[in-house]
Amino acid sequence: MADSTHSRPPNLTIEVCVDSVESAVAAVMGGANRIELCGNLGLGGGTTPSIGLLEAVKKALPNVPVKAMVRPRTGDFVYSKEELNVMLEDIFVFKEHGVQGVVFGTLTASGEIDDVQVRRLVSEAGSLEVCFHRAFDMTIDPWTAWETLTKIKGITRVLTSGHSKHATSPEALEFLAKLFDSAKHMSIDVLPGSGINGSTVGVLCNALLPHGLKEIHLSGGNWTEGSSAHRREGMGMGVGGSGEWGVWRTDEEVVRKVRDFVDKICAGEERHLNNISIALP
């Protein structure tokens with residue numbers, strides 16, 4: 001069992017998305033204090049995790065809050081009636097297994113928030129925290145999407161890269177700052193994610209802490225070499241690229257670099273400008 005109380009309570013929450021017990025433990029040992037649990041994270045952004053994985057992670061990290069992804073497949077976020085029913089059932093089951101929250105996002109074919117589907121999912125979530133994930137970044141108009149989401153009571157936060165062209169939040173700081181300012185008097189938080197690591201977190205925090213930044217999201221993961229010594233020629237696992245025989249894992253050191261940087265910023269020990277760390281006198 002991993003020690004999930006190895007560091008002082010942070011001033012800024014770090015959420016790490018993982019898809020295995022090994023990655024969950026690595027994330028927490030690196031300094032994460034909340035887990036977003038997924039399945040198949042390296043494949044198109046992750047899908048709904050199994051109950052077996054959830055229970056194993058809770059056993060390994062009993063004091064760490066877990067949010068569960070609710071996504072029945074990879075691909076787009078336009079879901080059929082049957083797929084929506086699967087998502088509703090998954091939320092019901094996750095409630096029974098004690099997750100802190102659920103993570104989902106549904107869109108219309110024209111790139112707008114599917115208000116009807118989202119409201120049904122939020123209603124099923126009940127008292128659970130609800131995060132609308134980066135389907136937000138796929139919308140045709142982010143401000144219309146934001147207005148729609150803010151009108152749905154029960155949505156706790158929106159995970160976003162800031163609708164940036166290259167899908168990384170450090171490249172969309174101006175938009176994110178405006179989003180934070182808009183959320184100040186609402187019961188909904190902004191959770192920046194994508195492209196956050198030890199090299200970019202300083203600029204992100206420097207720009208967004210004055211606007212109310214409270215938490216960040218990252219994976220800290222990459223494909224690692226699998227253990228299979230026998231790899232039949234011409235055969236693979238259907239993943240393609242570097243993950244053909246690989247395993248997706250969160251890197252503890254990547255998370256730790258972000259944690260150390262964040263703690264120094266919040267403690268006022270360092271000022272970060274343009275990725276340069278300057279010690280205060």
Side-chain angles (χ1 to χ4, degrees), residues 11-17 34 36 44-46 67 69 71 76-78 101 103-115 117-118 122 129-220 254 258 261-262 265-266 271-277:
N11 295 313
L12 195 67
T13 296
I14 294 180
E15 174 184 283
V16 177
C17 53
R34 189 171 71 220
E36 180 194 290
K67 292 162 46 186
M69 170 74 81
R71 187 183 179 201
D76 67 17
F77 303 103
V78 182
V103 182
F104 56 75
T106 72
L107 304 178
T108 66
S110 58
E112 299 170 321
I113 303 295
D114 192 320
D115 184 81
Q117 287 193 347
V118 172
V122 170
E129 293 186 12
V130 172
C131 176
F132 191 96
H133 61 43
R134 288 188 57 220
F136 175 82
D137 294 322
M138 311 300 176
T139 57
I140 190 169
D141 179 10
W143 287 111
T144 299
W146 174 250
E147 183 179 4
T148 299
L149 292 174
T150 59
K151 291 179 180 178
I152 301 176
K153 185 178 181 181
I155 295 182
T156 311
R157 55 178 60 84
V158 175
L159 170 62
T160 176
S161 64
H163 225 267
S164 66
K165 182 177 181 180
H166 298 100
T168 63
S169 51
E171 295 179 346
L173 297 177
E174 183 178 353
F175 175 84
L176 285 168
K178 292 178 180 177
L179 209 58
F180 272 103
D181 289 344
S182 175
K184 282 182 178 178
H185 304 293
M186 301 178 182
S187 57
I188 187 170
D189 292 324
V190 180
L191 175 59
S194 184
I196 300 177
N197 53 48
S199 299
T200 61
V201 69
V203 168
L204 184 91
C205 289
N206 190 58
L208 299 180
L209 278 171
H211 295 272
L213 177 69
K214 295 185 290 186
E215 51 190 14
I216 56 176
H217 172 100
L218 63 144
S219 73
V254 171
V258 174
F261 226 69
V262 162
I265 294 172
C266 291
R271 182 183 295 114
H272 300 275
L273 298 172
N274 299 321
N275 292 336
I276 300 175
S277 174

Roughly how far apart are [X] [atom1] and [Y] [atom2], rounded to 0.5 Å?
X	Y	atom1	atom2	value
I188	L179	CD1	CG	8.5 Å
L173	N206	CG	CG	9.5 Å
I216	I196	CD1	CD1	5.0 Å
R34	T13	CZ	OG1	6.0 Å
T144	L149	OG1	CG	11.0 Å
L204	I265	CG	CD1	8.5 Å

[X] side chain near [Y] side chain, heavy-atom distance below 4.5 Å:
X	Y	value
E112	T148	no
N197	L218	no
P170	V203	no
P192	L213	yes

E15 vs E215, side-chain contact (heavy atoms from CB on, under 4.5 Å): CA-CA, chis, key distance, verdict:
CA-CA 7 Å; E15 174 184 283; E215 51 190 14; 5.9 Å; no
Measure the acute angle between the ring planes of F104 and F132, then classify it against the limits of 30° and 60° as parallel, tilted or perpendicular.
perpendicular
Using the six-membered ring wherever Trp is involved, compare the ring planes of F136 and H163 and label them parallel, tilted or perpendicular (cut-offs 30° and 60°).
perpendicular
Salt bridge flag under 4.0 Å for residues D181 and K178:
no
Looking only at heavy atoms, what is the nearest atom pair of [X] and [Y], with distance?
X	Y	result
F261	G202	CE2-CA, 3.4 Å
G154	V122	CA-CG1, 3.9 Å
K184	P210	NZ-O, 4.3 Å
H133	G105	NE2-N, 3.2 Å
V254	G220	CG1-CA, 3.7 Å
D137	S161	OD2-N, 2.8 Å

Look at the side chain of S169 and the backbone N and O of S194, then say whether any donor-acceptor pair between them is shorter than 3.5 Å.
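Between the backbone of S194 and the side chain of S169 there is a qualifying donor-acceptor contact (under 3.5 Å).
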Donor-acceptor contact present, side-chain R71 to main-chain G46, <3.5 Å:
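The answer is yes, because a donor-acceptor pair under 3.5 Å joins these two groups.
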Please determine which of D76, I113, D114 meets the side chain to side chain contact (heavy atoms under 4.5 Å, CB included) test together with T106.
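In the set D76, I113, D114, the residue that makes a side chain to side chain contact (heavy atoms under 4.5 Å, CB included) with T106 is D114.
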Over 12 foreign heavy atoms within 6.0 Å of NZ, K153:
no
V262 vs C205, test: side-chain contact (heavy atoms from CB on, under 4.5 Å). Steps then yes/no.
CA-CA 8 Å; V262 162; C205 289; 4.3 Å; yes
side-chain contact (heavy atoms from CB on, under 4.5 Å) between R157 and K214, intermediate numbers included:
CA-CA 11 Å; R157 55 178 60 84; K214 295 185 290 186; over 6 Å; no
Dump the intermediate steps for side-chain contact (heavy atoms from CB on, under 4.5 Å) on Q117 and T108, then the final yes or no.
CA-CA 9 Å; Q117 287 193 347; T108 66; over 6 Å; no
